[in-house]
Amino acid sequence: MYSQIYLDYNATTYCDPAVLESMLPFFADNFGNASSDHHPYGWMAKNALDEATQNISKLLGIRKDEIVYTSGSTEGINMILKGIVESKNSAKAHIITAKTEHKAVLDVCKHLQNNGHLITWLDVDKNGIIDTVQLENAITTQTDLVAIMYANNETGVIQPLDEIAAICQSKNVPLFSDATQALGKLSLNDFFQKVDFACFSGHKIYGPKGIGFNYIKKEQATALPPFIHGGGQQRGLRGGTYNLPAIVGLSKAISLALQQLDQENTRLKNLKDQLEKELQTIPEIQINGMDIARLANTTNVSFPFVDGKNLLRSLSRKIAVSNGSACNSAAEFPSHVLIAMGLEEPLAFASLRISLGRKTTGEDLQKAIKYIKEAVNKQRENNILWEQHQSL
Ligand code: PLP
């Protein structure tokens, strides 16, 4: 296969072999439609669906009827944001979000804004954290939803969800948190008490692509209108035949991720600390979100006096990293997350997101560090500004 060292686990993960194995019987042998309730093919499929949903509900401490399966977080985000707006029956909606959200949130919000709805875009500080005073001041009696992600996909920065939830609860405004990067990386023990809506995706946690789920708190059960009209599945919210192999795989992937969470976090934190320590020997480099709680597996590093596009190009045959989210990494635009954190455009371009995962080893990272150092040195050798900077 590819010879590159894979360090882009926040973009996607491989499907765990045990997950794949759990899915296989539901393609050919147990292929029934979980909604066919007049024969054993359907009953068996329904049993498997119920078992998978029961397992997810137990593992996360949520109710079965608080789970709505989706094709992933982009769909989940569309369901929640557009649903909140549609439920207003043509009245203007007000949503508050942050400038560092995933593009799926930003683009849906821009679309809603273009259709006349009011969106408040919160700033972040140099570490990527929202200002909770700005949030509190932005909430009015007309506010319909606050949408703030838990952990950022580009920097790993974790928002102060306790404080955000306390503000939303005191103002009686529902809170939606995109927790796509949090599942399997952070404990979600009291997460579901804080939020009203959340979205998750299978392919970030060693599950299959094309499956995810939304958490919709019981009290919000009637807040959203149907998102996909059809056969009335999923309490009418999202019609369409259940993707049973993927749902079974998702359930298995969550089991494995939670079993390994503490051990894997300790291992990855040690690896990341070592990686950052060694990268910091490169003059002038900057680790984005350095002073704040971040995911154990993610680091985002900027290299001044380096051409970002050339850097990425020179590394692409050796290590798989990105300079933004996967959707952005063609590098046509600098990362909106880093720009919101105050980086100038050239520095935002000259930044790498390095995200570690289950197959990452210390040996891989040693090689990656060597490649990055060589690439940065080479870029700087040809940079007159770097020469001038050094002679200062
Ligand atoms: N939200 C975050 C924070 C993500 O990292 C991603 C994936 O890149 C998404 C949403 C979109 O998820 P999906 O690929 O399941 O549509």
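Whatever order the structure lists them in is the order used to number ligands and atoms, beginning at 1. Every heavy atom of this structure was used, including side-chain atoms; hydrogens, water molecules and symmetry mates were not.
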Counting each atom of ligand 1 from 1 as listed, which ones have a heavy atom of [X] under 4.0 Å away?
| X | value |
| --- | --- |
| Ser201 | 13 (P), 15 (O) |
| Met149 | 3 (C) |
| Gly72 | 15 (O) |

Can you check whether [X] has an N/O within less than 3.5 Å of an N/O in ligand 1?
| X | result |
| --- | --- |
| Ser73 | yes |
| Asp178 | yes |
| Lys204 | yes |

Check: Can you say whether the rings of Tyr150 and Phe191 are parallel (under 30°), tilted (30 to 60°) or perpendicular (over 60°)?
Finding: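 Parallel.
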Note to self: Checking contacts here: is it the side chain or the backbone of Thr74 that comes within 4.0 Å of ligand 1, counting heavy atoms only? Could be both or neither.
What the structure shows: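 It is both parts that get close, each with some atom under 4.0 Å.
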Notebook entry, point to check: So, does His203 sit close enough to ligand 1 that a heavy atom of it is under 4.0 Å from the ligand?
Noted result: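 Contact check His203 vs ligand 1: positive.
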For residues 221-232, please give each side-chain donor-acceptor pair under 3.5 Å, one per line with the distance, not counting sequence neighbours.
none

Item checked: Lys367/Asp364 salt bridge by N-O under 4.0 Å criterion ->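 Lys367 and Asp364: not salt-bridged.
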Next item on the list: In plain terms, say whether Arg353 and Asp8 are close enough for a salt bridge, that is, a side-chain N and a carboxylate O under 4.0 Å apart.
Entry: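 Counted as a salt bridge, because a side-chain N and a carboxylate O are separated by less than 4.0 Å.
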Check: Have Glu284 and His389 got a donor and an acceptor in their side chains that come within less than 3.5 Å?
Finding: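 Glu284 vs His389: donor-acceptor pair found between side chains.
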Next item on the list: Apply salt bridge (Lys or Arg N to Asp or Glu O under 4.0 Å) to Arg63 and list each qualifying residue two or more places apart in sequence or on a separate chain.
Entry: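 Salt bridge (Lys or Arg N to Asp or Glu O under 4.0 Å) check on Arg63 returns Asp65.
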